[in-house]
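Working notes, structure below.
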Amino acid sequence: MFVANKRLISFVSNEIFSFNYTSRFSFRRKINLFPKFCRYKTVLGSENTEIVERTDESEIPVQNIRNFSIIAHVDHGKSTLADRFLEITGAIAKESGESQVLDRLQVERERGITVKAQSASLKYVMNNTEYMLNLIDTPGHVDFSNEVSRSLATCQGVILLVDANQGVQAQTVANFFLAFSNDITIIPVLNKIDLKNAEPERVSEQLNTLFDINKDDILKVSAKLGTGVEDVLKAVINRVPPPSVNRDASFRALLFDSWYDRYRGVILLVYITDGMLQTGDEIASIHTQKCYEVKSLGLLRPEEEPCHKLLAGQVGFVTCNMRTTEEAQIGDTLHHKKQKVDSLHGFKPLKPMVFAGVYPMDQSQHTSLRSAIEKLVLNDSAVTVTIDSSWTVALGHGWRLGFLGLLHMEVFNQRLDQEYDAQAVITAPSVTYKAKLKGEKNIKRYGRSEISFSNPVYFPDPTIVEEFLEPMVMGTIITPDSYLGPIMSLCIEHRGVQQNSKNIDNHRVMLQYLMPLNEIVIDFYNQLKSVSSGYASFDYEEYDYVSSKLIKLSILLNGIPVDELSTIVHISKASVMGRRMCLKLKEIIPRQLIQIAIQAAVGGKIVARETLKPFRKDVTAKLYGGDVTRKMKLLKRQAEGKKKMKMVANIELPRETFIDVLKR
Ligand SMILES: Nc1nc2c(ncn2[C@@H]2O[C@H](COP(=O)(O)OP(=O)(O)OP(=O)(O)O)[C@@H](O)[C@H]2O)c(=O)[nH]1
């Protein structure tokens, strides 16, 4: 958490507003005079696409390579700008009508957000010289910031894209400091200048006030219409330095992404930092010490394009008959089997913030769900899996997974369903709490004086606990000043304590709140959007653990405690939360043949109760005679719907209940 802490310290001491960052590195890097135009040979195709080579990329000298990412707040237009880059460089046809080409996952298209960084190697000719531009489009939402930090490990430059209408948002601030602390060249670009309400001058002023960015260095574009986009590509070539790599040294590469292909096994996305790699080479992993033969190599353009060799400075994919997902450790260094090298710096992955139990819909799907989780984790390295088979009466054997936030968790669940046809029940998410134990006897029993737990099932008996501790975060909110009142009330309601506030221009304020992580993981972002009509933005980073009065709020269905629905809350919230959960459960549990008593309890004391009346849904009620097959069809559909329910305490619960119960 070096980066985050660094940001935090500077923020707390109010220094971020006075960074003299131009002194550390300048936007106005000298334009290098690159070698003249190089010609590329084309090898005629063969039947075997694995070895077909259309272009010999090895002839592109290192100084003609640029590795860069687009970083921005959610919806500021990263994927749209990437589309224009793909069109200008001929990777996709202008008239193809495709949009958000790099958002390939179904979940990305359905939700309209990027959740996975995607790369594309693009060719662009400037001043008669051909360049290879390795572009990485990154997600904007805070829950996927791991993808951003992973991408930055391979880049020498970033395009910091800011919506000229919305201006600087919380994620813009976070992204700027992430790039800044990694000493990466930043190209500031204002997007959406075609909008009637765009205020490029005002937003330029914000960038200058907050980050000391020279207004003359800011480019203005409309990614939608393509205005000014080509100038951005030129700026990438002129301002971003080529990778500093050594093609004469022994081969070394950073493994920074991977995914699973049913036929080829694990596919590795690597950034080659030294030497070169050819098909047939024997490579080894520093982390696992295992060796592999390289079967195929290629570039993503963004479609896979096979090639014979990859050289230092390039980003490409490797297949090498890697079969199990544990072998691909993101951040690992690969090298030639016989040539020992030092491990690369890699990057520090973010720690998961929320944990939840994941269970198969029924135990017969245990093996298939496990294999689906393993494959998906390969493509989403921010998820941690504890295969400790946490067992519960209602849900059977499962796993405890760690995520960066609730959206991350929901997206993971959706991807399991859509990409691997694996339906899982996910329990209510929780953060990791700590408890300091009382007395020698208890310390001896646990073998330590402090225990950590995220699962409410393991909430320790309060009589043996000296003090509970909960994790805090430093939240940054940027909002128009007209919403200050409702936002401050919302933060106080979520036990936030204001640390800082600063006007970033005449209308916008940046606030900083110290808040319990538990209060923001579930629904805070949506509530903030709703009280600010969508204008406020939010970002947070890890802080520390502080002493807190925590209790376990249990939920009982017809008198039977359902551990999967229980949650850990601050004592001041027990009855409000209990009432809210009971009401919500009444809303989401479908009426059943029996009456259901929904109760919330702390210790032995009931703090809230709701009753769900019995009901039998007759799906055929609307049918008046007619063909019997119509009746059968309706009953079949009802039976299929029921399959998606989970029997808990003899009551059928929709599988989303465990998460939805915590939302407002
Ligand atoms: N008017 C206008 N709209 C734009 C422009 N660029 C992007 N948009 C729109 O802004 C919305 C968000 O664009 P995306 O490219 O998906 O934004 P993003 O930053 O990739 O979003 P995330 O990946 O979810 O963070 C889309 O509806 C785009 O059509 C622009 O230059 N002008």
Side-chain angles (χ1 to χ4, degrees), residues 68-88 92 94 96-120 135-152 158-176 178-179 187-200 203-204 218-233 302 380 382 404-408 410-411 414-415 478 525-526 529 534-535 537-539:
F68 70 105
S69 280
I70 311 177
I71 54 174
H73 188 77
V74 184
D75 277 351
H76 280 201
K78 295 174 290 295
S79 305
T80 310
L81 183 64
D83 284 349
R84 296 296 89 77
F85 286 164
L86 295 182
E87 285 171 6
I88 291 174
I92 55 167
K94 257 195 186 128
S96 70
E98 288 182 81
S99 61
Q100 270 93 350
V101 175
L102 293 182
D103 286 349
R104 294 163 175 209
L105 304 175
Q106 191 180 341
V107 55
E108 291 180 319
R109 300 211 157 248
E110 280 175 14
R111 290 180 181 248
I113 54 165
T114 308
V115 303
K116 181 87 190 110
Q118 292 291 353
S119 43
L135 153 75
I136 305 185
D137 178 25
T138 63
H141 195 281
V142 58
D143 276 17
F144 306 102
S145 47
N146 192 51
E147 292 286 314
V148 182
S149 39
R150 196 168 53 76
S151 310
L152 293 190
V158 292
I159 293 172
L160 181 72
L161 198 65
V162 186
D163 184 326
N165 174 29
Q166 287 189 5
V168 171
Q169 300 289 309
Q171 201 62 24
T172 319
V173 180
N175 283 332
F176 172 84
L178 195 59
I187 302 175
V189 178
L190 300 188
N191 188 25
K192 308 196 187 182
I193 52 163
D194 59 294
L195 288 177
K196 216 168 65 206
N197 301 334
E199 294 179 89
V203 180
S204 301
I218 302 173
L219 300 172
K220 299 175 181 81
V221 305
S222 162
K224 192 168 178 179
L225 306 181
T227 325
V229 173
E230 196 139 5
D231 292 338
V232 180
L233 280 182
D380 189 349
L404 294 179
L406 193 70
L407 179 64
H408 185 206
E410 287 180 346
V411 163
Q414 197 174 338
R415 288 186 70 188
I478 294 186
Y525 193 63
N526 288 342
K529 284 274 162 203
Y535 284 111
S537 63
F538 178 66
D539 180 51

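Whatever order the structure lists ligands and atoms in, that order sets their numbers, starting from 1. None of these values were measured; they are calculated from a predicted model. Heads up: numbering here begins at 1 and tracks the sequence.
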What part of N191, side chain from CB on, backbone N/CA/C/O, both or neither, has a heavy atom under 4.0 Å from ligand 1? side chain
Tell me the contacting part of D194 for ligand 1: side chain, backbone, both, or neither, using a 4.0 Å heavy-atom threshold, strictly below.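 Under 4.0 Å from ligand 1, D194 contributes side-chain atoms alone.
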Taking N or O atoms only and a 3.5 Å limit, does [X] qualify as a polar contact for ligand 1?
X: V221; answer: no
X: A223; answer: yes
X: S79; answer: yes

Per-atom contacts of ligand 1 with [X], taking only distances under 4.0 Å to non-hydrogen atoms:
X: T80; value: 6 (N), 7 (C), 13 (O), 14 (P), 15 (O), 28 (C)
X: S222; value: 31 (O)
X: L195; value: 1 (N)

Indicate the atoms forming the closest heavy-atom contact of A223 with G77, along with that distance. CB-O, 4.4 Å
What's the shortest heavy-atom distance between I71 and A179, and which atoms? CD1-CB, 4.2 Å
Winner among K192, K224, H73 once heavy atoms are compared against atom 11 (C) of ligand 1: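 Shortest heavy-atom distance from atom 11 (C) of ligand 1: K192.
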At what distance, to the nearest 0.5 angstrom, does [atom1] of [X] lie from [atom2] of [Y]?
X: I187; Y: L161; atom1: CD1; atom2: CG; answer: 11.5 Å
X: Q171; Y: D75; atom1: CD; atom2: CG; answer: 12.0 Å
X: I136; Y: I159; atom1: CD1; atom2: CD1; answer: 12.0 Å
X: L135; Y: K78; atom1: CG; atom2: NZ; answer: 12.5 Å

Does a side chain donor of either H73 or D539 reach within less than 3.5 Å of an acceptor in the other side chain?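 The criterion, which ignores hydrogens and geometry beyond distance, is not satisfied for D539 and H73.
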